[in-house]
Enquirer: 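Take this structure first; my questions come after.
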Amino acid sequence: MTVQELPGAAPYRPTPPPAWKPRTDPAPLLPDPEPYRVLGTDAAAGFAPELLRRLYAELVRGRRYNTQATALTKQGRLAVYPSSTGQEACEVAAALVLEDRDWLFPSYRDTLAAVARGLDPVQALTLLRGDWHTGYDPHEHRVAPLCTPLATQLPHAVGLAHAARLKGDDVVALAMVGDGGTSEGDFHEALNFAAVWQAPVVFLVQNNGFAISVPLAKQTAAPSLAHKAVGYGMPGRLVDGNDAPAVHQVLSEAVARARRGGGPTLVEAVTYRIDAHTNADDATRYRGDGEVETWRAHDPIRLLEHELTERGLLDEDGVRQAAEDAETMAARLRERMNADAELDPMDLFAHVYAEQTAQLREQAAQLRAELDAEGDA
Amino acid sequence: MTVQELPGAAPYRPTPPPAWKPRTDPAPLLPDPEPYRVLGTDAAAGFAPELLRRLYAELVRGRRYNTQATALTKQGRLAVYPSSTGQEACEVAAALVLEDRDWLFPSYRDTLAAVARGLDPVQALTLLRGDWHTGYDPHEHRVAPLCTPLATQLPHAVGLAHAARLKGDDVVALAMVGDGGTSEGDFHEALNFAAVWQAPVVFLVQNNGFAISVPLAKQTAAPSLAHKAVGYGMPGRLVDGNDAPAVHQVLSEAVARARRGGGPTLVEAVTYRIDAHTNADDATRYRGDGEVETWRAHDPIRLLEHELTERGLLDEDGVRQAAEDAETMAARLRERMNADAELDPMDLFAHVYAEQTAQLREQAAQLRAELDAEGDA
Amino acid sequence: MTTVANAAAKPATKPATMAQALQRAMRDAMAEDPSVHVMGEDVGTLGGVFRVTDGLAKEFGEDRCTDTPLAEAGILGTAVGMAMYGLRPVVEMQFDAFAYPAFEQLLSHVAKMRNRTRGAMPLPIVVRVPYGGGIGGVEHHSDSSEAYYMATPGLHVVTPATVADAYGLLRAAIASDDPVVFLEPKRLYWSKAQWSPDAPDPVEPIGRAVVRRTGRSATLVTYGPSLPVCMEAAEAARAEGWDLEVVDLRSLVPFDDETVCASVRRTGRAVVVHESTGFGGPGGEIAARVTERCFHHLEAPVLRVAGFDIPYPPPMLERHHLPGVDRILDAVARLQWEAQS
Amino acid sequence: MTTVANAAAKPATKPATMAQALQRAMRDAMAEDPSVHVMGEDVGTLGGVFRVTDGLAKEFGEDRCTDTPLAEAGILGTAVGMAMYGLRPVVEMQFDAFAYPAFEQLLSHVAKMRNRTRGAMPLPIVVRVPYGGGIGGVEHHSDSSEAYYMATPGLHVVTPATVADAYGLLRAAIASDDPVVFLEPKRLYWSKAQWSPDAPDPVEPIGRAVVRRTGRSATLVTYGPSLPVCMEAAEAARAEGWDLEVVDLRSLVPFDDETVCASVRRTGRAVVVHESTGFGGPGGEIAARVTERCFHHLEAPVLRVAGFDIPYPPPMLERHHLPGVDRILDAVARLQWEAQS
Ligand SMILES: Cc1ncc(C[n+]2csc(CCOP(=O)(O)OP(=O)(O)O)c2C)c(N)n1
Ligand SMILES: Cc1ncc(C[n+]2csc(CCOP(=O)(O)OP(=O)(O)O)c2C)c(N)n1
Ligand SMILES: [Mg+2]
Ligand SMILES: [Mg+2]
């Protein structure tokens, strides 16, 4: 076929090109240029004192949980602990904005969010203690298994939210991921599916400045991680991750939007990992004390404490009360974690399949025999 | 540690939060709201007549190449052919904007771009004829193997461009991908690496409306695919993919930017796949004739022909000349493809490793013996 | 895991292709159970590139049979989330090699979720993978990837070789509370058999091999695309005086040691036949476990006829790669008949 | 493929860990050949989570030892492009299970590029994968993924078990013009040996197994993390009157049939030992090919001692999963000694 043979070719009169219309309006999708803040601004006055006090109490508990868990690694009671010290505002807000029927999809760093949602801390720490993988029934508190392969839990959150919507349930999923995790292909695929399906899901990126040793500048050249939302056609929000009411507000709005059928939102919370990556990491290899100190000054608890104190919503008694509550929780956790986990090696074969295969039955019998022989010896 | 024990805690005076600065300015990264067009606008006057004539000749050849290759599938001379009819402006421009030392990374649909870059069409079609996988030495014309697993060639382009830059060579890589391919994780990872490394690479997305049967609306909710650039911190450009000089200009600018160290660009060319996905596909299952007709009216060849004719740069002789050239090319291709490929089954073992393993030597000997036995029988 | 088909009054059979039987299995499962969802690339409007999901979107709506964005990890990953919420996703991977981007999700989540959660979060997902060669596909369209799946505890790996099994095994896979990788032999999609969609043959639960042809001289152990080749070889072997038994595994995981070993103990000789590459392929496991269990019944080592240890060849050369009748007979001839006791 | 180390005047040896030997191998390769680039997550400033790349970024600059964005397919995919342009990338995957997102790139490109292009585009890439358990790692940190790599033609698959081999094999891998999956046994990273970094033992080209201990009763065939266990088992076996030979494969692909079969023919009995799951694991292939080649020398079937067919256990239970001395001796005891001729 040559040009001339094109159907209806000559004489050719150009018609207007096929209509182009953007699928979504990019402008309202663009995140604010600065992280949204509440504390120290006029917006703070709009928050109910109960919410602020609740946040404060949870932050204090959260910090204590982090220090306690870290201490447990030193005592050999945890195999490893990735601390969220400095990130408690994100962890706590993520838990508090959800309804009971909603689902939380934590990453391996987010045991605190799971605990703030109501999970037994000992169960939340099972993975890191090493007696089993997921230490809880995910359906009980609607907390998905703590996820170690980075960003791989994001498509799960999308699928679950999508399924709930198909079933007519007004359930929202909130999925947590780190700045490093945003580089993974699964992040991209999850956000794209969510936007195409208009799934009721909220993605919370805790940008804590590092992926282990790799700083954000080596992770992305984007204006902000929230700007990634534009490429999926969903709103992106940028928030100060150490400002608990701000995080709470932004996430609440995103959850509400998702619940009313408005689709997914990407939230970037700018925060900082005060501790090393895990107790096994040596952060001095890749960052200076100065940076850490700057962020310590922007501590989520102090920020909120200052606001509450200034406004007369918190006095010395209140501070002491919060600290004591946290101490009680920590003592309880320490005590329970000091008890040896009860282990049955035969569990290794119990849950691989709904029904044990003949091969696994054979192998279980082998181990049973070995254990019996050991016992006899 | 309780709040009070935070180093240097009381009295706490809030300091300004740690500095926030966007890594790149999002505003200039945002693509134009409408696809950029040259034909039918004043911009057309700025183009050298030689370039426009060259583009025209290549488009006509390209169309003829497409129809010829499709015909070869009917004659059983090609196993399969994914036609780029209607997309010739993108294919041709992608080839023409590159210098000899640059690299082209085509997808499986882009044999035309490879041919326009100088590759022997028979070699370009080897994969689709089925006598070998890649039918050419990629180093000869700096054309990477035609890539079938979608978007997987994009990180290759980034790595090659990065390597060239590390070696001090001012080489640019241009990688081609479809609208469907942008949903793959590899697309995301490639663009992110490119932006972080400021690699001299240009990503050309041919948005032809469909991934086989799946329309763009089920593929993305983004304002445009070009908007995805924002999330990586690179410029995104939106261009009418049937407007050859427009595509040529946008790609040239992106290549120049990459070459002078300005980093990667994402270009979305809005076009349309006039034929079915491949000769094996039945497009009537998922789209109506009306849509196809609208796009036929916006045919890249006609658009350019009209412009050239109006401006007196092309007369009937010129049209005939282009058609005849194309016909000669097609006749030659037909003839050469009608010759049976020469095949040596022993090649199966020749290139798996630099040195054949003992196991492959054994297996080659087995096949040799079988073939000899066949020959004897 | 439940057995799904039950023998009713048997209406007359008529010819059906394997693709039709698979379609019918999904259709019937979707009609019976609203939690069954089909998803993948081009499965909706188009009905799949092999038309295996033809008509499902029309009958059940796009929410039950969904054209997804083009991203395999995303497809399987969202299916995991859907299964967490109680759905039973049936995922189509368009071709074998295009399942690779989903391996992370498959290996680290799909296979492990039940175990990680002590059974609290089973994932009843079926991953349908058209596999194998023989259809003249260009590169990446003809891989035999079963070894990867077999090496991943927590998955069931199933592959039909007949029209009736295509229906029965897919129904069983969808009914299974565990994830099943369901390997569909591409080149058998258009194979036909007399079959009644209205009274499909009862199918046993996943995990049972079947003797397709009894014989006394040696056992051919095979599955999926290689079954018809083995049946043909067994026919041809008669001329050489060999009476071959043919075992169709149907399920690679769990593996039916009982049926396979019973056959090999009877015949004393065995050849494993598959398209997948030999080295590191399924045949090694099969030969090893048969030998472990039947050593003193073996007159000769268990041999393997497999694809060569090379990337899958281009269309024009694939016939040299694929196990054919002659290569099988050559292997049978090497079973040390001179040593016959 | 070239042999890289040459015996010079031998300076005194001193104790070194496997991690140090690996570091030294990269360092020496980078110093000799400017096209060698190390890349991965945390390999630069931090020196890798196992410190195997410690100091390389400092010595050679961030362009030669690069902290990449966090995306395994992207890392391997860009390495492919770099190799296309003549570099020799050495890629680190942080842990075994985190290599899975890169499988698509590995299976469809890295393994196939040379073949696809008739040798025009070889990819001299080394993919370093810390693998295996025994270090108390939580889930996804202790997988033995070698079966996946073995089933993929076009890859070399290598794993050192000693400090000297760690250096020699990694040098050979980097020097190889083909892609090499280099499996580093995590739990041997801190194992020590007397070794001289200045005159490393000459190493043979990739593909040669080595007899680590001679013996007459039976052969233990093993590799990587299981070698020390097998050596211990062989010591312990003396008390039972068994004199065990131990073969360290070093290279799973290409496989050294010659060395392995020579040993098994001598001893007449064999046990394959590895951490990877048994079903579908490397042992099946090894047992099958040894049996094919040595059938009439075998007094008993080749047995396998492997990890169970389960997802890798949590830290507190891993000792029950890993092949230990007792389990190896049990297997040796089942080698039908009563049938001894
Ligand atoms: C797929 C995958 N690759 C690599 C790792 C190893 N790894 C664990 S944490 C981590 C850094 C994560 O950084 P980020 O996403 O920012 O989360 P953060 O640790 O800061 O909370 C890496 C590389 C992993 N867990 N999963
Ligand atoms: C990883 C992968 N998944 C699936 C396929 C099968 N497939 C081939 S082409 C195609 C559609 C591609 O659409 P698009 O990217 O828009 O390119 P186009 O065909 O329109 O040029 C699909 C799904 C593939 N080749 N690779
Ligand atoms: Mg981080
Ligand atoms: Mg398209």
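Naming: A, B, ... by sequence-line order, numbering from 1 per chain.
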Enquirer: Heavy-atom pairs under 4.5 Å with chain A - which of C:G154, C:P179, C:P122 has more of them than the others?
Expert: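 The candidate making the most pairs under 4.5 Å is C:G154.
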Enquirer: Testing the basics here: between C:R114 and A:Y353, what is the closest heavy-atom pair and its distance to 0.1 Å?
Expert: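 Heavy atoms only, the tightest pair is CD-C, 3.6 Å.
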Enquirer: Given that the side chain runs from C-beta out, which part of C:L155 has a heavy atom under 4.5 Å from chain A: side chain, backbone, both or neither?
Expert: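 The backbone, not the side chain.
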Enquirer: Does this structure show an ion pair linking A:E362 with C:R293, if we count only N-O contacts that are shorter than 4.0 Å?
Expert: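 Result for this pair is yes, salt bridge flagged.
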Enquirer: Could you tell me which non-hydrogen atom of A:P145 sits nearest to which non-hydrogen atom of C:M113, and how far apart they are?
Expert: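 Between these two residues, the closest heavy atoms are CG-SD, 3.8 Å.
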Enquirer: Name the region of C:E62, side chain, backbone, both or neither, that has any atom closer than 4.5 Å to a heavy atom of chain A.
Expert: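 Neither part, no heavy atoms under 4.5 Å.
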Enquirer: Is chain A contacted by the side chain of C:R64, its backbone, both, or neither, given a heavy-atom distance below 4.5 Å?
Expert: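 Answer is neither: C:R64 stays 4.5 Å or more from chain A.
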Enquirer: State, to 0.1 Å, how close A:T152 and C:H109 come at their nearest heavy-atom pair, and which atoms those are.
Expert: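 The pair with the smallest heavy-atom distance is OG1-NE2, 2.7 Å.
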Enquirer: Would a 4.5 Å heavy-atom cut-off, applied to side chains only, mark C:Q105 and A:P155 as touching?
Expert: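 C:Q105 vs A:P155: side chains touch.
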Enquirer: If you count heavy-atom pairs under 4.5 Å between each of A:H156, A:R142, A:E140 and chain C, which one has the most?
Expert: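 Heavy-atom pair counts peak at A:H156.
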Enquirer: For A:H139 and C:A120, which heavy atoms make the closest approach, and how far apart are they?
Expert: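 Closest approach of A:H139 to C:A120, heavy atoms only: CD2-O, 3.4 Å.
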Enquirer: Does atom CD of A:Q366 have more than 12 heavy-atom neighbours from other groups under 6.0 Å away?
Expert: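 Count over threshold, so yes.
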Enquirer: Can you say whether A:L146 sits under 4.5 Å from chain C via the side chain, the backbone, both, or neither, judging by heavy atoms?
Expert: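 The answer is the backbone of A:L146.
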Enquirer: Which pair of non-hydrogen atoms, one from A:W103 and one from C:M121, has the smallest distance, and what is that distance?
Expert: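 Minimum heavy-atom separation between A:W103 and C:M121: CH2-CE, 3.6 Å.
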Enquirer: Which members of residues 341-349 of chain A, sorted by number, sit under 4.5 angstrom from chain C on a heavy-atom basis?
Expert: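 Heavy-atom contacts from residues 341-349 of chain A to chain C are A:D347, A:L348.
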Enquirer: Do C:T66 and A:W197 have side-chain heavy atoms sitting under 4.5 Å apart?
Expert: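 With C-beta onward as the side chain, the pair touches.
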Enquirer: Kindly indicate whether the side chain of C:V253, heavy atoms from C-beta on, has any atom under 4.5 Å from the side chain of A:Q359.
Expert: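 When only atoms from C-beta onward are counted, A:Q359 and C:V253 do not touch, as no gap falls below 4.5 Å.
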Enquirer: Where does C:D178 contact chain A at under 4.5 Å (heavy atoms): side chain, backbone, both or neither?
Expert: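 Only the side chain of C:D178 comes within 4.5 Å of chain A.
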Enquirer: For chain A, find which of C:P69, C:G86, C:P254, C:A79 contributes the most heavy-atom pairs closer than 4.5 angstrom.
Expert: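 Greatest number of close heavy-atom pairs with chain A: C:P69.
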Enquirer: Pick one of side chain, backbone, both or neither for A:A164, based on which atoms fall under 4.5 Å of a heavy atom in chain C.
Expert: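 Contact with chain C involves both backbone and side-chain atoms of A:A164.
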Enquirer: Verify the distance criterion only: is there a donor paired with an acceptor across the side chains of C:T78 and A:H162 at less than 3.5 Å?
Expert: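 Judged by distance alone, the side chains do not pair up.
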Enquirer: Is the closest side-chain heavy-atom distance between A:T357 and C:F255 below 4.5 Å?
Expert: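 No, their side chains stay 4.5 Å or more apart.
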Enquirer: Select one option (side chain, backbone, both, neither) describing which atoms of C:T117 are under 4.5 Å from chain A's heavy atoms.
Expert: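 Contact with chain A: backbone and side chain both.
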Enquirer: Can you say whether A:V352 sits under 4.5 Å from chain C via the side chain, the backbone, both, or neither, judging by heavy atoms?
Expert: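 Backbone plus side chain of A:V352, per the 4.5 Å heavy-atom cut-off to chain C.
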Enquirer: Do A:D169 and C:Y85 pass the side-chain contact (heavy atoms from CB on, under 4.5 Å) test, and can you show the C-alpha distance, the side-chain angles, and the key distance before you say yes or no?
Expert: CA-CA 11 Å; A:D169 302 345; C:Y85 203 78; 2.5 Å; yes
Enquirer: Less than 4.5 Å apart, side chain to side chain, heavy atoms only: is that true for A:K167 and C:L87?
Expert: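 Side chain of A:K167 against side chain of C:L87, heavy atoms only: contact under 4.5 Å found.
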Enquirer: How would you list, in number order, the residues of residues 33-48 of chain C that have a heavy atom less than 4.5 Å from chain A?
Expert: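 Those residues of residues 33-48 of chain C which have a heavy atom under 4.5 Å from chain A are C:H37, C:M39.
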Enquirer: Please classify the contact between C:A71 and chain A as side chain, backbone, both or neither, with a heavy-atom cut-off of under 4.5 Å.
Expert: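 Both parts, heavy atoms under 4.5 Å.
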Enquirer: Identify the residues of residues 183-190 of chain A whose heavy atoms come closer than 4.5 Å to a heavy atom of chain C, ordered by number, or report 'none'.
Expert: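 Residues A:D186, A:E189 are the ones that qualify, each having a heavy atom under 4.5 Å from chain C.
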Enquirer: A:S107: which residues meet the side chain to side chain contact (heavy atoms under 4.5 Å, CB included) condition with it, sequence neighbours left out?
Expert: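 For A:S107 the side chain to side chain contact (heavy atoms under 4.5 Å, CB included) partners, ignoring immediate neighbours, are A:R109, A:D110, A:Q153.
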